[in-house]
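Everything on this sheet refers to the single structure shown next.
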Amino acid sequence: LNWTENAQTMFEEGLKVTPAAFRGVGRKSLLKGLTSIVGEGGDVHEDDVVRAIRDFTPKPFVAMGLKAVEPHRTTVAPTDV
């Protein structure tokens, strides 16, 4: 994956709020999700990280993940995400 904007920092910050016991599984799940969104070797944008958190994170942890990544966003969030 080719990280653009502040996407990699957002990805890492989103994982930090995942309980330690699930962090490895969470990382693999989000990476798999990002690959399905942008394709193998595709460009990962900040919005893609937000989408991956929404779509591939267990529901109890979505709000925490989104809250963790928002302060690291450098682009304006689209209204339809």
Side-chain angles (χ1 to χ4, degrees):
L1 297 172
N2 180 35
W3 302 96
T4 65
E5 302 155 341
N6 209 25
Q8 189 166 14
T9 297
M10 290 174 66
F11 174 81
E12 296 298 335
E13 291 299 318
L15 285 173
K16 284 182 182 178
V17 298
T18 305
F22 301 109
R23 222 168 270 152
V25 172
R27 176 179 296 278
K28 287 179 185 175
S29 176
L30 283 180
L31 286 172
K32 184 177 179 182
L34 283 168
T35 300
S36 75
I37 293 168
V38 303
E40 191 70 40
D43 291 342
V44 179
H45 299 275
E46 293 175 355
D47 294 333
D48 300 322
V49 174
V50 170
R51 181 175 167 198
I53 290 171
R54 286 186 177 162
D55 294 351
F56 299 99
T57 298
K59 296 302 175 208
F61 302 108
V62 171
M64 286 188 304
L66 294 175
K67 185 177 178 181
V69 301
E70 260 326 296
H72 303 282
R73 183 186 281 278
T74 61
T75 60
V76 176
T79 56
D80 61 341
V81 172

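Computed from a predicted structure; not experimentally measured.
Under the 4.5 Å side-chain contact rule for hydrophobic residues, Phe22 and Val62 do not share a cluster. When the side chains of ILVMFWY residues are joined at heavy-atom separations under 4.5 Å, either directly or via intervening members, Val25 and Met64 end up in two distinct hydrophobic clusters. Under the 4.5 Å side-chain heavy-atom criterion for Ile, Leu, Val, Met, Phe, Trp and Tyr, Phe61 and Leu66 are members of distinct hydrophobic clusters.
In this structure, Val50 and Arg73 approach most closely via the heavy-atom pair CG2-NH2, 3.0 Å. For the pair Leu15 and Gly26, the tightest heavy-atom approach, listed with the atom from each and the gap, is CD2-C, 3.8 Å. For the pair Arg23 and Thr18, the tightest heavy-atom approach, listed with the atom from each and the gap, is NH2-O, 2.8 Å. In terms of heavy atoms, His45 sits closest to Thr4 at ND1-OG1, 3.0 Å. Among all heavy-atom pairs drawn from Gly14 and Ala68, the shortest one is CA-CB, 4.4 Å.
Distance CG/Asp48 to CH2/Trp3: 9.5 Å, rounded to 0.5 Å. If you take NE2 on His72 and CD on Glu70, they are separated by 10.0 Å, rounding to the nearest 0.5 Å. The CZ atom of Arg51 sits 11.0 Å away from the CZ atom of Arg54 when rounded to the nearest 0.5 Å.
Side-chain atoms of Glu46 come within 3.5 Å of backbone N or O of Thr74 as a donor-acceptor pair.
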- Walk me through it: do Glu5 and Thr75 pass the test side-chain hydrogen bond (donor to acceptor under 3.5 Å, both in side chains)? CA-CA 8 Å; Glu5 302 155 341; Thr75 60; 4.6 Å; no

- Message: For a side chain to side chain contact (heavy atoms under 4.5 Å, CB included) check, start with the C-alpha distance between Asp43 and Val38, then their side-chain angles and the critical distance, and finish with the verdict.
- Response: CA-CA 6 Å; Asp43 291 342; Val38 303; over 6 Å; no

Anything under 3.5 Å between a donor and an acceptor, one on a side chain of residues 27-34, the other on a protein residue two or more places apart or in another chain? List them.
residue, atom, partner, partner atom, Å
Arg27, NH1, Glu12, OE2, 3.1
Arg27, NH2, Glu12, OE1, 2.9
Ser29, OG, Phe56, O, 3.2

